[in-house]
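Letters go in sequence order (proteins before strands), and every chain restarts at 1. Model, not experiment: these values are computed from the prediction. Because only heavy atoms are used, hydrogens play no part in the values below, and waters and symmetry mates are left out as well, while side chains stay in.
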There are 2 protein chains.
Amino acid sequence: MTRELPIAGQPPAERADAARNRQRIIEVATRMVEANGAANLSLDEVAREANVGVGTVYRRFGDRSGLIYALIDAGERALQEAFMTGPPPIGPGAPPAERIRAFLHALVDRKVAQQELFVLLEMGSSKARFSGPYMVHHTHLATLLAEARPGADARFLADALLAPLSACLIGYQQAERGMSAEQIKSGLDDLLRLL
Amino acid sequence: MTRELPIAGQPPAERADAARNRQRIIEVATRMVEANGAANLSLDEVAREANVGVGTVYRRFGDRSGLIYALIDAGERALQEAFMTGPPPIGPGAPPAERIRAFLHALVDRKVAQQELFVLLEMGSSKARFSGPYMVHHTHLATLLAEARPGADARFLADALLAPLSACLIGYQQAERGMSAEQIKSGLDDLLRLL
DNA sequence: CTTGTAAGCGGAGACATCTCCGGTTATCCT
DNA sequence: AGGATAACCGGAGATGTCTCCGCTTACAAG
């Protein structure tokens, strides 16, 4: 096992046992989501199954949403890397309009793939919903929009383009209206074309 | 007191004591929301204050969201009446584009006025969120859009225009970005102009 | 190795939502 | 008026989220 090197950053570093627990909690939670569906994920049960107290779960992840977020964090990192340093059309190099399109499509795919988890996230604390990832997506999109359509209110437009990607809405469109991911994407394409 | 006339409709009619309780529960809940904020509304407490058992509250309103919805139902009815039979520009008579604009503005005003309640509603069961009122708004908007922009996917566009009116998003725009209701409306106007 | 201490741990318990069901009562019908 | 009965009522309790705090332990410094 490699030793944890002390990093210059302020956060006092996580103790080894704590890291082990975090890891085990995430594994157990992942398994339970696969088995019972995300909506039935009980933190009490996760704690029991992972052989830790409930308090430990809450200290590590803050609250239910925090744990859920940890379960989709890998996808989020991958997406951010893709649009920041990846190949076109989502990454730098393509014209803004294409990057916007590619980014929104990727986001739809993510929401569809982990729909249940995203729905839960959207229904948890409304504070958390617009911090971190949302702000990153928003900034990215607003930058591209400002480039593609100078003069428009890029920040508001970015909100307005991200809003229809709500996991709840997508779930509704798929479940009640029988729309496929492709139809949703093509609807977004229509919208982008009009802009 | 006027006697409850038996109506032809199937629903077996609500007993007088039940109606009284419903009324009292709504009054108590309204008072408590004004006093403590919507987020702190506890159904146990509502029941105690209204001198009924918890079971009664749940039988009448189904769940927390149901009660919350009852608190904004009056506004919803007023809005629906306005755009269905009211005077232009929101009602029939004005050109579609203007009706769309007036409708969205009215919706923003409602969300801003009862923001807390709408946020709670959006965070409750994701099923309820797209039933009833949402479908009415969606149908109305899709009809107008089909008229204003034949050829486009009016149903998807309607979703996409309603999504940015999420109470959570509006709350975020106001609280964290310092946007006023007017700025939000003018952002929507920009968006409509582009369409 | 010893030791000081901050980080971590567990689980009892406060508090919420929602379900269930045995007892009660309003309302309709005769 | 006098049932019959469907609707209604209350509140105990199942289950879940999250907090709090006294005890424990990893780990760095001496």
Within the 4.0 Å heavy-atom criterion, would you say [X] contacts the bases, only the backbone, or no part of the nucleic acid?
X	answer
Asn51(B)	sugar-phosphate
Arg22(A)	nothing
Leu41(B)	sugar-phosphate
Asp63(A)	sugar-phosphate

OP1 or OP2 of [N] less than 4.0 angstrom from a side-chain nitrogen or oxygen of [X], does that happen here?
X	N	answer
Asn21(A)	dG8(C)	no
Arg64(A)	dT17(D)	yes
Arg60(B)	dC9(D)	yes

In this structure, how many angstroms lie between the [atom2] atom of [N] and the [atom1] atom of [X], rounded?
X	N	atom1	atom2	value
Tyr58(A)	dA12(C)	OH	P	16 Å
Arg20(A)	dA7(C)	CZ	P	18 Å
Glu14(A)	dG8(C)	CD	C1'	10 Å
Phe61(A)	dT19(D)	CZ	P	16 Å
Asp17(B)	dT25(C)	CG	P	10 Å
Ile68(B)	dC18(C)	CD1	P	10 Å
Asn40(A)	dT17(D)	CG	C1'	15 Å
Ile25(A)	dG8(C)	CD1	C1'	12 Å

5'-most by nearest nucleotide on DNA chain D - Gly53(B) or Asp44(B) =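 Comparing both residues, the 5'-ward one is Gly53(B).
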
Pick the nucleotide of DNA chain D nearest each of Arg48(A) and Gly62(A); which residue has the one closer to the 5' end?
->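 Mapping each residue to its closest nucleotide by heavy atoms, the 5'-most match is Arg48(A).
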
Aromatic rings His138(B) and Tyr134(B): how do their planes relate, parallel, tilted or perpendicular, breaks at 30° and 60°?
->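 The arrangement is parallel - the two ring planes meet at less than 30°.
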
According to the interplanar angle, ranging from 0 to 90°, do the rings of His140(B) and Phe83(B) count as parallel (below 30°), tilted (30 to 60°) or perpendicular (above 60°)?
-> parallel

Mapping Gly55(A) and Leu43(B) to their closest nucleotides on DNA chain C, which lands nearer the 5' end?
->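 Upstream on the strand: Gly55(A).
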
Quick one: which of [options] gets closest to the side chain of [X]?
X	options	value
Ser42(B)	dA26(C), dT17(D), dT17(C)	dT17(C)
Arg15(A)	dC18(D), dA6(C), dC8(D)	dA6(C)
Ala16(A)	dC9(D), dC27(D), dC18(C)	dC27(D)
Thr56(A)	dT25(D), dC9(D), dC9(C)	dC9(C)
Arg59(A)	dC9(C), dT25(C), dG10(D)	dC9(C)
Val54(B)	dG8(C), dG11(D), dA12(C)	dG11(D)

The single option from Val46(A), Thr30(A), Leu43(A) passing side-chain contact (heavy atoms from CB on, under 4.5 Å) against Ile25(A) |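 Single pass found, and it is Val46(A).
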
Look at atom CE of Met84(A) and say whether more than 12 heavy atoms of other residues, nucleotides or ligands are closer to it than 6.0 Å.
->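 Enclosed: over 12 neighbouring heavy atoms sit under 6.0 Å from CE of Met84(A).
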
Before giving the answer on side-chain contact (heavy atoms from CB on, under 4.5 Å), spell out for His105(B) and Val108(B) the whole-Å C-alpha distance, their side-chain angles and the decisive distance to 0.1 Å.
-> CA-CA 5 Å; His105(B) 283 208; Val108(B) 169; 5.7 Å; no

Stepwise side-chain contact (heavy atoms from CB on, under 4.5 Å) check, Leu120(A) with Leu41(A) | CA-CA 10 Å; Leu120(A) 252 35; Leu41(A) 187 69; 5.6 Å; no

